[in-house]
Amino acid sequence: METLTVGLGDRSYTIRGGSGILPGIGAFCRELGLGRIVAVVTNTTVGPLYYGPVADSLAAAGFSPLRVELPDGEEFKTSATLNAIYDALIDGGLTRDSFIVALGGGVVGDMAGFAAATYLRGIPFVQVPTTLLAQVDSSVGGKTGINHPRGKNLIGAFYQPRAVIIDVETLTTLPEREYLAGMAEVVKYGVVLDPLLFAEVERNIAPILVRDRDVLTRIIMACCAIKASVVEKDERESGLRAVLNYGHTLGHAVETLAGYGTYLHGEAVAIGMVQAAKLAEHRGEATADDTGRLRALLESLKLPVELPVFAAEAYREVLLRDKKARDTGLSFVLNNGIGGFSIVRLRDLSEVLDVCGIGG
Ligand code: NAD
Ligand code: GLY
């Protein structure tokens, strides 16, 4: 098992990663001094797979676990589902010294975290991420929330967990597409923040594709260390944390234009990263070789890299949708070679559209 700390003063916490560590959750929560009643918030897919061992371990350590099972899917990341969580917490008699365990992917983690942030003005919660995306990204850093009919993640809070427990064994049941989409976020950290991580992923394609537990533990903990150091410097995204949006600007445009669900988030980010690399190359911040390495790595992880065809006007409209982008230009993260970055503001989108071959 590997551990690391997210250093945020009195809100600091430990991330534990390893294979087969879920049965240790009860003892770990004891060490944290958490109260007796615990709501384990999960969903109808993850609950049947992992609620049992988690609840057994919590009960053996003297806790009283309560199962809260949500419907599965981004479409349920809503105020209605959040209310159902509050109902279960109230019915279960959770008080200020009770806590929540978020057992699932990013959807469960974001919602359970937001419920923890707001129930009784805040109770502790522990993240137990079970998708690769949640293990390398969403479970660390304290962004919690739900969607609003007018947009994704519009309602939320920065609220840090008390601990993160990453059992790579849970990835064995994750569908292949979800797993590989999570790998796009791993590559993201490498391209903009860590050339050694990038090279390690390049060297380990075969073990990654068969989900080798040791390689995964090492890579996931490397990603968590990078995210922790970004969050420690800029918890509320006033600057540096925006680097984590590398590949997301065009990625989001692709998700929107293709219709949510056509591309998984990580797949759209893979496409967006290659476009950002082309722009970096055009501006002399990266070489054709860097772009080629990124493209080859994503392709070897079976991720898409080509922008789907939509009218230039449609791309322009989606990219400039928010008022801030219209007024001051679009904020865009570029890679600097492999392992560095810069954040630029683009007032005129023609350059992006031309470089990415978005004609019309
Ligand atoms: P998800 O939570 O929808 O999980 C993907 C699918 O995998 C779901 O069907 C889920 O039930 C299933 N699943 C989860 N674990 C499994 C397992 N071990 N075995 C089998 N199936 C399993 O999707 P996600 O990609 O994990 O998260 C996406 C969400 O994360 C989005 O809502 C996004 O906004 C959010 N997000 C948040 C942050 C943050 O910093 N808080 C960062 C990135 C993304
Ligand atoms: N996923 C981006 C962030 O946590 O800031």
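Just so you know, ligand 1 is whichever comes first in the structure, and atom 1 is the first atom listed for that ligand.
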*Asks:* Taking atom CZ of R345 as the centre, report whether more than 12 heavy atoms of other residues, nucleotides or ligands fall under 6.0 Å from it.
*Replies:* yes
*Asks:* Tell me which protein heavy atom sits closest to atom 44 (C) of ligand 1, plus the residue, atom name and distance to 0.1 Å.
*Replies:* L133 CD2, 3.7 Å
*Asks:* Check ligand 1 against K77 and write out every atom of the ligand that is under 4.0 Å from a heavy-atom position of the residue.
*Replies:* 31 (C), 32 (O), 33 (C), 34 (O), 35 (C)
*Asks:* Would you kindly specify which portion of T144 sits under 4.0 Å from ligand 1, judged on non-hydrogen atoms: side chain, backbone, both or neither?
*Replies:* neither
*Asks:* What atoms of ligand 1 come within less than 4.0 Å of a heavy atom belonging to Y50?
*Replies:* 18 (N)
*Asks:* Can we say K278 and E281 salt-bridge, meaning some charged N sits less than 4.0 Å from an Asp/Glu carboxylate O?
*Replies:* no
*Asks:* What part of V107, side chain, backbone, both or neither, has a heavy atom within less than 4.0 angstrom of ligand 1?
*Replies:* both
*Asks:* How far is atom 24 (P) of ligand 1 from the closest protein heavy atom, and which atom is that?
*Replies:* G106 N, 3.5 Å
*Asks:* May I ask you to decide whether R283 forms a salt bridge with E285, counting only side-chain N to carboxylate O separations under 4.0 Å?
*Replies:* no
*Asks:* With no hydrogens and no angle check, just 3.5 Å: does a side-chain donor-acceptor pair link E69 and T42?
*Replies:* no
*Asks:* With heavy-atom distances below 4.0 Å as the criterion, list the atoms of ligand 2 near R241.
*Replies:* 3 (C), 4 (O), 5 (O)
*Asks:* Relative to atom 14 (C) of ligand 1, which among L132, T131, D167 owns the nearest non-hydrogen atom?
*Replies:* T131
*Asks:* Using the ring of Y179 (Phe, Tyr or Trp, six-membered ring only), decide whether R211 places NZ or CZ under 6.0 Å from its centre and within 45 degrees of its axis.
*Replies:* yes
*Asks:* Check this for me: does any side-chain nitrogen of one of E306 and R295 sit under 4.0 Å from a carboxylate oxygen of the other?
*Replies:* yes
*Asks:* Where on T173 is there a heavy atom closer than 4.0 Å to ligand 1, on the side chain, on the backbone, on both, or on neither?
*Replies:* both
*Asks:* For ligand 1, which atoms, with element, lie under 4.0 Å from some heavy atom of N153?
*Replies:* 34 (O)
*Asks:* By number and element, which atoms of ligand 1 are closer than 4.0 Å to a non-hydrogen atom of T45?
*Replies:* 11 (O), 21 (N)
*Asks:* Starting from atom 8 (C) of ligand 1, what is the nearest protein heavy atom, named by residue and atom, and what distance separates them?
*Replies:* D72 OD1, 3.3 Å
*Asks:* For atom 31 (C) of ligand 1, which of E74, K227, Q135 has the closest heavy atom?
*Replies:* E74
*Asks:* Do Y119 and S98 have side-chain atoms, one donor and one acceptor, less than 3.5 Å apart?
*Replies:* no
*Asks:* Is the NZ or CZ atom of R293 positioned over F198's six-membered ring, under 6.0 angstrom from the centre and within 45° of the axis?
*Replies:* no
*Asks:* Report the member of K227, K143, E235 with the shortest heavy-atom distance to atom 4 (O) of ligand 2.
*Replies:* K227
*Asks:* Classify the contact between K152 and ligand 1 as side chain, backbone, both or neither, using a heavy-atom distance cut-off of under 4.0 Å.
*Replies:* side chain
*Asks:* Considering heavy atoms of the protein only, find what lies nearest to atom 22 (C) of ligand 1 and give residue, atom and distance to 0.1 Å.
*Replies:* L174 CD1, 3.6 Å
*Asks:* Within a distance under 4.0 Å of any heavy atom of N43, pick out the atoms of ligand 1 and give their elements.
*Replies:* 10 (C), 11 (O)
*Asks:* At what distance is the nearest protein heavy atom to atom 1 (N) of ligand 2, and which residue and atom is it?
*Replies:* D137 OD1, 3.0 Å
*Asks:* To the nearest 0.1 Å, how far is atom 35 (C) of ligand 1 from its closest protein heavy atom, and which atom is that?
*Replies:* D110 OD2, 3.4 Å
*Asks:* Please identify which of these residues, V344, L349, V352, meets the side-chain contact (heavy atoms from CB on, under 4.5 Å) condition with L330.
*Replies:* L349
*Asks:* What's the shortest distance from atom 15 (N) of ligand 1 to any protein heavy atom, and which residue and atom give it?
*Replies:* T130 OG1, 2.7 Å
*Asks:* Using a 4.0 Å cutoff against the non-hydrogen atoms of T170, which atoms of ligand 1 qualify?
*Replies:* 17 (C), 18 (N)
*Asks:* So, 4.0 Å and heavy atoms of E178: is ligand 1 close enough to count as a contact?
*Replies:* yes
*Asks:* Pick from L171, V128, I165, I219: which one makes a side-chain contact (heavy atoms from CB on, under 4.5 Å) with Q135?
*Replies:* L171
*Asks:* Can you see whether Y159 engages T118 through a side-chain donor-acceptor pair at a distance of less than 3.5 angstrom?
*Replies:* no
*Asks:* Output the list of atoms in ligand 1 that are nearer than 4.0 Å to some heavy atom of S138, sorted by atom number.
*Replies:* 36 (N), 37 (C), 38 (C), 39 (C), 40 (O), 41 (N), 42 (C), 43 (C)
*Asks:* Between the side chains of D348 and S350, does any donor sit under 3.5 Å from an acceptor?
*Replies:* yes
*Asks:* Is a salt bridge present between R326 and E317, judged by a nitrogen-to-oxygen distance below 4.0 Å?
*Replies:* yes
*Asks:* Where is the nearest protein heavy atom to atom 43 (C) of ligand 1: which residue, which atom, and how far?
*Replies:* D137 OD2, 3.6 Å
*Asks:* Taking atom types as modelled, is there a side-chain donor on D214 or T217 under 3.5 Å from an acceptor on the other?
*Replies:* no
